[in-house]
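Input: a single structure, listed below in structure tokens.
Everything numeric here is computed off the predicted structure, so don't read it as measured data. Throughout, numbering of the chain's residues begins at 1 and tracks the sequence.
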Amino acid sequence: MLRIGQSSDIHRLVEDRPLILGGVHIPSDKGLLGHSDADALLHAIIEAIIGAMGEGDIGKHFPDTDERYKGISSMVLLEKCYELMISKGYSICNIDSLIKIEAPKMAPHIMKMRENIASVLHISLEQINVKATRGEGLGFVGRREGVEAQAVVLLEKVL
């Protein structure tokens, strides 16, 4: 049985926070605000996986009211999501994702993001795609007020 999940995640850009996307620390004058490290890309992927399994959303599993998750690396949350996915008998067919960010450029970092995600989810690089686009000066992305990430995941029931 195949199951599709999709999600998006938005975080505000602020000063004095690191910019972390796909588990990669990206040099920038602004970073993402959130309870965890605010990695919008990984949050979208996590929630898409959770959604494909019919297990609710990221807030159900990693609530921002829980101090255990304050400042936590989203790579750790992705690992916990992987463990849940395996326990439910699913494997990943593929992930397609998109980062909407005005600046900085994502192209130099995308391969490392893919490697990070593939490593934690125990999949090949060919199974994970990460793209990026700019807001072209329009909306909250274009004004550099925030970042949005989207993900679509195809899972297969293997047990």
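Closest non-hydrogen pair, Leu32 versus Ala38, comes out as CD1-O, 3.2 Å. Between Leu2 and Cys93, the shortest heavy-atom distance links the atoms CD2-SG, 4.0 Å. Across Ser87 and Leu84, no two heavy atoms sit closer than the pair OG-O, 2.7 Å. Shortest non-hydrogen contact noted between Val158 and Ser91 is CG1-OG, 3.4 Å.
Residues that satisfy the side chain to side chain contact (heavy atoms under 4.5 Å, CB included) test with Glu136, not counting sequence neighbours, are Arg134. Under the rule for a side chain to side chain donor-acceptor pair (under 3.5 Å), Ser28 has no partner lying at least two apart in sequence or in another chain. Taking Tyr82 as the reference, His122 meet the ring-ring contact (aromatic ring centres under 6.0 Å, His included) condition, with sequence neighbours excluded.
The neighbour count for Glu83 CD, taken as heavy atoms of other residues, nucleotides or ligands under 6.0 Å away, is above 12. Counting heavy-atom neighbours within 6.0 Å of Ile4 CD1, excluding the residue itself, gives a total of 12 or less.
A distance of 6.0 Å separates CD1 of Ile46 from SG of Cys81, quoted to the nearest 0.5 Å. Going from atom CD1 of Ile123 over to atom CG of Asn94 covers 8.5 Å, rounded to the nearest 0.5 Å.
Of the possible donor and acceptor atoms, one in the side chain of Arg114 sits under 3.5 Å from a partner among the backbone N and O of Leu125. Of the possible donor and acceptor atoms, none in the side chain of His11 sits under 3.5 Å from a partner among the backbone N and O of Val147.
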Can you give me every donor-acceptor pair (side chain of residues 104-113, partner residue at least two apart or in another chain, under 3.5 Å) with its distance?
| residue | atom | partner | partner atom | Å |
| --- | --- | --- | --- | --- |
| Lys112 | NZ | Asn116 | OD1 | 3.3 |

Using distance only, find each side-chain donor-acceptor pair of residues 72-80 under 3.5 Å and give its atom names and separation, not counting sequence neighbours.
| residue | atom | partner | partner atom | Å |
| --- | --- | --- | --- | --- |
| Ser73 | OG | Met75 | N | 3.1 |
| Ser74 | OG | Asp37 | OD1 | 2.5 |
| Ser74 | OG | His43 | NE2 | 2.8 |

Distance-only donor-acceptor hits, side chain of residues 149-157, under 3.5 Å, sequence neighbours excluded:
| residue | atom | partner | partner atom | Å |
| --- | --- | --- | --- | --- |
| Gln150 | NE2 | Glu148 | OE2 | 3.4 |
| Lys157 | NZ | Lys88 | O | 2.6 |

Pairs under 3.5 angstrom only: tabulate donor-acceptor contacts from the side chains of residues 50-64 to other protein residues two or more places apart or in another chain.
| residue | atom | partner | partner atom | Å |
| --- | --- | --- | --- | --- |
| Asp57 | OD1 | Gly59 | N | 3.1 |
| Asp57 | OD1 | Lys60 | N | 2.9 |
| His61 | NE2 | Glu55 | O | 2.7 |

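When each of Ile95, Leu41, Leu98 is tested with Val130 by the rule side chain to side chain contact (heavy atoms under 4.5 Å, CB included), just one qualifies, namely Leu41.
Pairs passing the salt bridge (Lys or Arg N to Asp or Glu O under 4.0 Å) check and including a residue from residues 116-130, sequence neighbours excluded, do not occur. For residues 44-53, the set of pairs meeting the side chain to side chain donor-acceptor pair (under 3.5 Å) definition, not counting sequence neighbours, comprises Ser7-Glu47. Among residue pairs with one or both ends in residues 17-32, those qualifying as salt bridge (Lys or Arg N to Asp or Glu O under 4.0 Å) are Asp29-Arg144; sequence neighbours excluded.
Met1 belongs to no hydrophobic cluster, as no Ile, Leu, Val, Met, Phe, Trp or Tyr side chain comes under 4.5 Å of its own. Other residues sharing a hydrophobic cluster with Ile20 under the 4.5 Å side-chain heavy-atom criterion for ILVMFWY residues do not exist; the residue is a singleton.
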